[in-house]
Amino acid sequence: MEELMRIEGLKMYFGGLKAIDGFDLTINKGETLGIIGPNGAGKTTLFNAICGVYKPTAGKVILEGKEVQGTPAYEMAKMGIARTFQISKPLRGLTIFDNIVAAAGVQEYTGIGSYFHKSHTKEIEDKVEAIIHETGLAEVANKKASDVSLGYLRRLEIARVLVTDPKLIMLDEPCAGLSNFAINEITELIFKLKEQNRSIVLIEHNLPLTMRVCDRITVLSYGKKICEGTPEYVKNDEQVIEAYLGKEDED
Ligand SMILES: Nc1ncnc2c1ncn2[C@@H]1O[C@H](COP(=O)(O)OP(=O)(O)OP(=O)(O)O)[C@@H](O)[C@H]1O
Ligand SMILES: [Mg+2]
């Protein structure tokens, strides 16, 4: 398998809090890698430190052989590292369609003024149209983001990622807070992306979903990797069971 990104000795400290404390990871091209771990384990922080939202305290992020740690988020986005947010952040006053158009602009961002204007080419509109269908957003395309349910907003997040032609798709709990029906829709969408041989990193608390969709899973606890392997391997690991369920003899 060909390596897409390698993370070496990554640390992200907030004062005395070691949110990520020496983390290594390889993400291969075309794989779906799951990241699981209890609340506060450092999963979102890991995304933020990779994507340039935070500058890592230490360590390397190597994208296709090139060190990119500390690169600002918009530059990382230009290099094809696209992520969704645990808390959905649409442009609420815009339609679903225009939200995706605006996200397309990230590739050619040259300043807030040019952001929208530049994006509205026929080519981009056609692309957005195709992504709207792919992500199942057709019936709400012309509704304002403020007027659609969370299930649609989660799919919008993924649509906004897809429109940037990402090299790496990073999803932070795409199923959080969704009904079983909406979870199934997201699951189908992730399977579709897998079929397209995309490279995906998925943070998810929904373990059955993660086990089903991921080729490999990494388990984080207190900022450190405690296990990594196939879903089958991870599921049966003592430390993982303990981190999730707690020690049986407690309380
Ligand atoms: N900007 C920040 N400043 C200070 N502490 C932070 C910051 N961001 C995260 N933390 C802390 O870092 C730790 C890891 O948080 P993080 O959000 O990465 O966990 P998580 O694994 O994503 O949890 P969840 O499953 O609840 O989303 C937590 O203790 C959190 O309080
Ligand atoms: Mg999180």
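Predicted model, so just to flag it, every value in this text is computed and none were measured. As the structure lists them, so they are numbered: ligands from 1, and atoms in each ligand from 1. Counting begins at 1 with the first residue of the sequence.
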For this session: Please state whether His205 comes within less than 4.0 angstrom of ligand 1, counting heavy atoms only.
Result: yes

Exercise. Looking at Lys194 and Asp215, does any basic side-chain N land under 4.0 Å from a carboxylate oxygen?
Worked result: yes

Exercise. What protein atoms of element N, O or S are positioned under 2.8 Å from the Mg ion (ligand 2)?
Worked result: Thr44 OG1, Gln86 OE1

Problem set entry | Ionic contact status for Asp165 with Lys127, cut-off 4.0 Å | yes

Exercise. Looking just at side-chain N and O atoms, do Glu134 and Gln196 make a donor-acceptor pair shorter than 3.5 Å?
Worked result: yes

Exercise. Where the closest heavy atom to atom 14 (C) of ligand 1 is concerned, which of Pro38, Gly40, Gly37, Gly223 has it?
Worked result: Gly40

Exercise. So which protein heavy atom does atom 26 (O) of ligand 1 come closest to, and at what separation?
Worked result: Asn39 ND2, 2.9 Å

For this session: Taking atom NZ of Lys29 as the centre, report whether more than 12 heavy atoms of other residues, nucleotides or ligands fall under 6.0 Å from it.
Result: yes

For this session: For atom 31 (O) of ligand 1, decide whether some protein heavy-atom distance is shorter than 4.0 Å.
Result: no

Exercise. Mind checking whether Ala19 has an N or O less than 3.5 Å away from an N or O of ligand 1?
Worked result: no

Problem set entry | atom 2 (C) of ligand 1: nearest protein contact (heavy atom, Å) | Phe14 CE2, 3.5 Å

Exercise. Do we see a donor-acceptor contact under 3.5 Å between the side chains of Tyr152 and Glu139?
Worked result: yes

Exercise. What's the shortest distance from atom 17 (O) of ligand 1 to any protein heavy atom, and which residue and atom give it?
Worked result: Thr44 CB, 3.9 Å

Exercise. So, Arg155 and Glu185, do they make that salt bridge, N to O below 4.0 Å?
Worked result: yes

Problem set entry | More than 12 heavy atoms of other groups within 6.0 Å of Asp126 CG | yes

Could you go through residues 11-21 and list every donor-acceptor pair under 3.5 Å that involves a side-chain atom there, pairing it with any protein atom two or more places apart or in another chain?
unit_1: Tyr13; atom_1: OH; unit_2: Asp21; atom_2: OD1; d: 2.8
unit_1: Asp21; atom_1: OD2; unit_2: Lys224; atom_2: NZ; d: 3.1

For this session: For atom 1 (N) of ligand 1, grab the closest protein heavy atom and report residue, atom and distance to one decimal in Å.
Result: Tyr54 OH, 3.0 Å

For this session: Give a yes-or-no answer on whether the side chains of Asn142 and Thr95 include a donor-acceptor pair shorter than 3.5 Å.
Result: no

Exercise. Within a strict 4.5 Å, meaning less than it, do heavy atoms of the Glu157 and Arg83 side chains meet?
Worked result: no

Exercise. Nearest non-hydrogen atom to atom 12 (O) of ligand 1 belongs to which of Leu46, Val53, Leu17?
Worked result: Leu17

For this session: If you have a sec, work out which protein heavy atom is nearest atom 18 (O) of ligand 1 and how many Å separate them, to one decimal?
Result: Thr45 OG1, 2.5 Å

Exercise. Where is the nearest protein heavy atom to atom 27 (O) of ligand 1: which residue, which atom, and how far?
Worked result: Gln86 NE2, 2.8 Å

For this session: In plain terms, say whether Lys192 and Glu195 are close enough for a salt bridge, that is, a side-chain N and a carboxylate O under 4.0 Å apart.
Result: no

